[in-house]
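Following: one structure in structure tokens, then a few remarks.
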Amino acid sequence: DGPVVTIGEILVEIMATTLGDGFLEPQSLIGPFPSGAPAIFIDQVGKLGAPAAIVSAVGDDDFGTLNLDRLRKDGVDVSAVAVLPGAATGSAFVRYRADGSRAFVFNMRDSAAGKIAATAEAKAVLAGAAHLHVMGSGLPIPAVHGMIFATIPDLKARGGTVSFDPNVRRETLRDAEGRAAFDRVLAVTDLFLPSGEELAMFAEGAGEEDAVAHLLAAGVREIVLKRGAAGASHFDRDGRTDMPGFAVEEIDPTGAGDSFGATFLVARRAGLPVERALRYANAAGARTVTIKGPMEGTSTFAELDAFIAGAIVRSP
Ligand code: ATP
């Protein structure tokens, strides 16, 4: 079986160790941590022992090497990550506010992630994919957009599947072109992984049940709604399954949605029933939020089993 493949940004994250509103004064920082939503997702796929590959680009610098070393160590094929001599690997500085929201400084302008291209290596990896995970954040990048839509027809023709995490902002959907790109991906999506807020954005005012019914009627086979600390809900033609989250202390929520989605996907591809896949995915998300650094909390199945054995389920 071919790998799960995703396309998109790789960067590092540097984190303030104290709560506050931003970066207007010198402060203590930790990091750099490997990051980028597609990178976190694919790292989790690799850690679970499933074939995994990412199409991306990094600079010829330590931040790029840090990411490549980590992904390789966790079993991810990085042959389609271009190392670009003239570009820098991007970085994001994050500081948590007391209310749990985040203040960011992004150093992504002209970074390697914006220069992802359909190289020969990228085409080779995509031609062998068994599954493509599409991230909404990549759709506005023309080369990424182009590779996604060039890949999907052949992938589907050979029995492959597509998952879609919209990780989208409201402005993107208001833009007609942005909206059209999202609808085009949805039309070929087998597994849709929105948060509650994202589902509401797509549904444009329709309630959760109506939005889900509409998507299933349009051909999406499975929908998993991520509900943060409350856990997740799964919908398909056979009905609905709710799974409460695990009770943990949230220290750093970044990356939870990506490790959750990767774990649900790998568990389903391994033939596990919906309930077990949801429980593993909730465990992966919960572990991620208890550890500082977006990719530091990705998990093996052994780690998930140990976590579940000792964990407390939040009462619904
Ligand atoms: P992000 O964009 O920050 O990666 P998201 O909005 O896509 O996240 P969330 O719903 O925040 O997704 O988190 C994904 C999953 O992680 C949840 O469905 C849940 O299983 C787990 N999770 C997240 N936050 C918590 C928490 N505080 N306690 C326990 N589990 C959590």
Side-chain angles (χ1 to χ4, degrees), residues 6 8-9 11 13 15 33-45 48 92 94-97 99-104 106 133-138 163-170 172 191-202 208 222-235 240-268 274-299 303-304 307-308 310-316:
T6 194
E9 73 278 10
L11 56 141
E13 183 183 290
M15 225 177 132
F33 296 114
S35 191
I40 299 161
F41 176 92
I42 210 66
D43 187 74
Q44 178 61 70
V45 174
L48 293 176
V94 61
R95 192 176 193 189
Y96 287 96
R97 302 192 185 93
D99 68 2
S101 68
R102 291 170 278 192
F104 281 107
F106 284 108
H133 180 67
V134 178
M135 309 242 31
S137 54
S163 52
F164 181 31
D165 181 336
N167 64 348
V168 69
R169 282 175 312 182
R170 213 165 271 281
T172 315
L191 169 63
F192 186 44
L193 293 155
S195 65
E197 201 187 332
E198 286 159 349
L199 184 69
M201 270 186 241
F202 274 97
E208 189 178 298
E222 293 184 77
I223 300 165
V224 181
L225 192 56
K226 293 172 276 180
R227 299 187 190 277
S233 301
H234 175 275
F235 305 86
R240 162 182 189 146
T241 309
D242 295 306
M243 191 60 68
F246 291 99
V248 293
E249 191 196 343
E250 183 174 297
I251 292 170
D252 178 11
T254 306
D258 301 310
S259 51
F260 174 98
T263 303
F264 184 81
L265 176 73
V266 170
R268 290 293 278 156
V274 167
E275 288 78 8
R276 283 194 68 200
L278 281 177
R279 197 170 301 120
Y280 271 130
N282 276 341
R287 278 196 88 238
T288 300
V289 305
T290 61
I291 298 168
K292 279 186 184 160
M295 202 189 280
E296 306 312 298
T298 53
S299 313
E303 286 167 333
L304 294 179
F307 173 85
I308 291 169
I312 298 165
V313 176
R314 205 177 285 275
S315 28

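For reference, positions follow the sequence shown, starting with 1. The analysis underlying the following values was restricted to heavy atoms, covering all of them including side chains, and did not include hydrogens, waters or symmetry mates. Only a predicted model underlies this, so the values are computations on that prediction, with no experimental measurement involved. Atoms within a ligand are numbered from 1 in the order they appear, just like the ligands themselves.
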Looking only at the aromatic ring of each residue, does the gap between the centers of Phe264 and His234 stay below 6.0 angstrom? yes
Atom of Thr288, atom of Gly255 and distance for their closest heavy-atom approach: CG2-C, 3.6 Å
May I have a table of the N/O to N/O pairs between ligand 1 and the protein that fall below 3.5 Å, each row giving the two atom names and the distance to 0.1 Å?
| unit_1 | atom_1 | unit_2 | atom_2 | d |
| --- | --- | --- | --- | --- |
| ligand 1 | 4 (O) | Gly257 | N | 2.9 |
| ligand 1 | 7 (O) | Lys226 | NZ | 3.1 |
| ligand 1 | 8 (O) | Gly257 | N | 3.4 |
| ligand 1 | 10 (O) | Gly228 | N | 2.7 |
| ligand 1 | 18 (O) | Gly231 | O | 2.9 |
| ligand 1 | 20 (O) | Asn282 | OD1 | 2.6 |
| ligand 1 | 27 (N) | Glu250 | OE1 | 2.7 |

If you count heavy atoms of other groups shown closer than 6.0 angstrom to CZ of Arg169, is the number above 12? no
Donor + acceptor pair across side chains of Thr254, Arg102 (<3.5 Å): yes
Enumerate the salt bridge (Lys or Arg N to Asp or Glu O under 4.0 Å) contacts for residues 240-253, please, sequence neighbours excluded, ordered by first and then second residue. Glu208-Arg240, Glu209-Arg240, Arg240-Asp242
So, the side chain of Glu222 versus the backbone of Phe235: is there a donor-acceptor pair under 3.5 Å, distance only? no
